[in-house]
Amino acid sequence: MKRFILVLTILGGVAAQAQTNSELTKHFEAYYQKMKEQGDAQGVINAMTHLNILKPDQKRVDTLAYIYVSEGRNLEALNTIGIEKNPNDSDMSTEVKAVALKAINQPKRALVFYEELFDRNPNPYLAYEIADLMTQTQNLAGAKAKVEYGLVNVTDDMKRAYYESQQPYEVPLKAGLTYMKALIVFNMNQTDNLDQAIGLLDDALKMAPNFSVAKLSKDALEAKKNAPAKEGE
């Protein structure tokens, strides 16, 4: 009889816990919707974190990590989904890992995920990002090949944003790829390819006169070209 009462007590506790979890889930689902309507990113993060504890869901985890990245909270994004490469990762999860690792200056690790995204859906935007990372890691031949792919496949409506100045701006992606090609060509041979790199930067500026980082790069290369030769050279 005592054992029977104990079993009933345990079952009652489980049922109460299930009811409590169900009520909490409904509460945080409603809270999530409200925070989403109000555009409150931190509120959305709080709601999703509670929901992931109450009712684990991989899609929700990926979305939470994506929100962290969108808010510039890259380490929190990576702590949410990890940095391991998993063939079962969603496109969103793979993109979060790529973007977050690049943002925290881990180009080799970021490259793994950008290349995975490119394998799934090759396009000029990803070609640019991969070329940039390959240039940073001194794989200049690989970077040049990706830029050439991008230039062949880019369309006039594609744009890329730059943030190096106080005021962010956009240029045609073709101009961005041409700029990237100039950097790669110059780094392949900083003496023999100097004029070619300057010519490519000129081409980029013709497409996008507001392309300030290309203008700065061109000015730097022209200064190098016009610098007086040192004694003994």
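Values below: every heavy atom of this structure, side chains too, minus hydrogens, waters and symmetry copies.
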Q.
Is there a continuous path of hydrophobic side-chain contacts, each under 4.5 Å between heavy atoms, that joins V154 to F211?
A. yes
Q | pair M207-V171: side-chain heavy atoms closer than 4.5 Å | A | no
Q | Short N-O contact, K181 and E148, less than 4.0 angstrom | A | yes
Q. For the atom pair OH (Y66) and CD (E71), what is the distance rounded to the nearest 0.5 Å?
A. 11.5 Å
Q) Are the charged groups of K225 and D195 less than 4.0 angstrom apart, N to O? A) yes
**Q.** Any I81 side-chain heavy atom under 4.5 Å of D89 side chain
**A.** no
Q. Between Y179 and A204, which heavy-atom pair has the shortest distance, and what is it?
A. N-CB, 4.1 Å
Q. Between F118 and Y149, what is the ring plane arrangement, given parallel below 30°, perpendicular above 60°, and tilted in between?
A. perpendicular
(Q) Let me confirm one number: the CG-CZ distance from D91 to R120, rounded to the nearest 0.5 Å. (A) 5.0 Å
**Q.** Between T155 and D157, a side-chain donor and acceptor under 3.5 Å
**A.** yes
Q: Please report the closest heavy-atom contact between L201 and A214, naming both atoms and the distance.
A: CD2-O, 4.1 Å
Q) Tell me, do P172 and K159 make a side-chain contact under 4.5 Å, heavy atoms counted? A) yes
Q | Least distance between heavy atoms, L173 atom then P124 atom | A | CD2-CB, 3.7 Å
Q: Please report the closest heavy-atom contact between F113 and T94, naming both atoms and the distance.
A: O-CG2, 3.6 Å
Q.
Do Y169 and S212 pair up side chain to side chain, a donor and an acceptor below 3.5 Å, judged on atom types alone?
A. yes
(Q) Just by distance, no angles: are the side chains of T178 and D203 close enough, under 3.5 Å, to form a donor-acceptor pair? (A) no
Q: Would you indicate whether R73, at its atom CZ, is surrounded by more than 12 heavy atoms from other residues, nucleotides or ligands within a distance under 6.0 Å?
A: yes
**Q.** Minimum-distance pair of heavy atoms, taken over all atoms of A131 and K146
**A.** CB-CB, 4.2 Å
Q. To the nearest 0.5 Å, what is the distance between CG (L133) and CZ (R109)?
A. 14.0 Å
Q. Are L101 and L75 co-members of a hydrophobic cluster defined by side-chain heavy atoms under 4.5 Å apart?
A. yes
Q: Could you go through the side chain to side chain contact (heavy atoms under 4.5 Å, CB included) check for M48 and K36 one step at a time?
A: CA-CA 11 Å; M48 295 187 80; K36 190 175 177 183; over 6 Å; no
Q: Just do the side chain to side chain contact (heavy atoms under 4.5 Å, CB included) check on N74 and Y68 with the steps written out, would you?
A: CA-CA 6 Å; N74 299 293; Y68 274 130; over 6 Å; no
Q: Indicate yes or no: at least one non-hydrogen side-chain atom of L221 is less than 4.5 angstrom from one of K218.
A: no
Q. What do you reckon, is CZ of F186 surrounded by more than 12 foreign heavy atoms closer than 6.0 Å?
A. yes
(Q) Count I, L, V, M, F, W, Y as connected when their side-chain heavy atoms are under 4.5 Å apart, and connections chain through other members. Are L126 and L183 then in the same cluster? (A) no
Q. Are the charged groups of K215 and D219 less than 4.0 angstrom apart, N to O?
A. yes
Q) Where the side chain of N193 meets the backbone of Q196, is there a donor-acceptor pair that is under 3.5 Å apart? A) no
Q) Tell me, do M188 and K144 make a side-chain contact under 4.5 Å, heavy atoms counted? A) yes
Q. Between the side chain of D132 and the main-chain N/O of Y128, is any donor-acceptor distance below 3.5 Å?
A. no
Q. What are the two closest non-hydrogen atoms of R60 and L51, and how far apart are they?
A. NH1-O, 3.5 Å
Q) If you round to the nearest 0.5 Å, how far is OG1 of T63 from CE of M92? A) 4.5 Å
(Q) Membership question, hydrophobic clusters at under 4.5 Å side-chain separation (ILVMFWY): are V69 and L78 in the same one? (A) no
(Q) For a 4.5 angstrom cut-off between non-hydrogen side-chain atoms, does N123 reach N153? (A) no
Q.
I want to check something: taking the side chain as every heavy atom from C-beta on, are E95 and V99 in contact at a cut-off of under 4.5 Å?
A. yes
Q) Are the side chain of K97 and the backbone of E84 linked by a donor-acceptor contact shorter than 3.5 Å? A) yes
Q. If we only count heavy atoms from C-beta on, is the D62 to V96 side-chain gap below 4.5 Å?
A. no
**Q.** Rounded distance [0.5 Å steps], CE in M180 versus CG in L200
**A.** 12.5 Å
Q.
Looking at Q167, I'd like to know if its CD atom is crowded, meaning that more than 12 non-hydrogen atoms belonging to other residues, nucleotides or ligands lie closer than 6.0 Å.
A. no
Q | Presence of salt bridge, E129 and R160, under 4.0 angstrom | A | yes
Q) To the nearest 0.5 Å, what is the distance between CD1 (I130) and OG1 (T135)? A) 11.5 Å
Q: Check the hydrophobic clustering (I, L, V, M, F, W, Y; side-chain heavy atoms under 4.5 Å; chains of links allowed) and say if L140 and Y114 are grouped together.
A: no
Q: Decide, yes or no, whether a salt bridge links D156 with K174 under the criterion of side-chain N to carboxylate O below 4.0 Å.
A: no
Q) Side chain of D57, backbone of K55: donor and acceptor closer than 3.5 Å? A) no
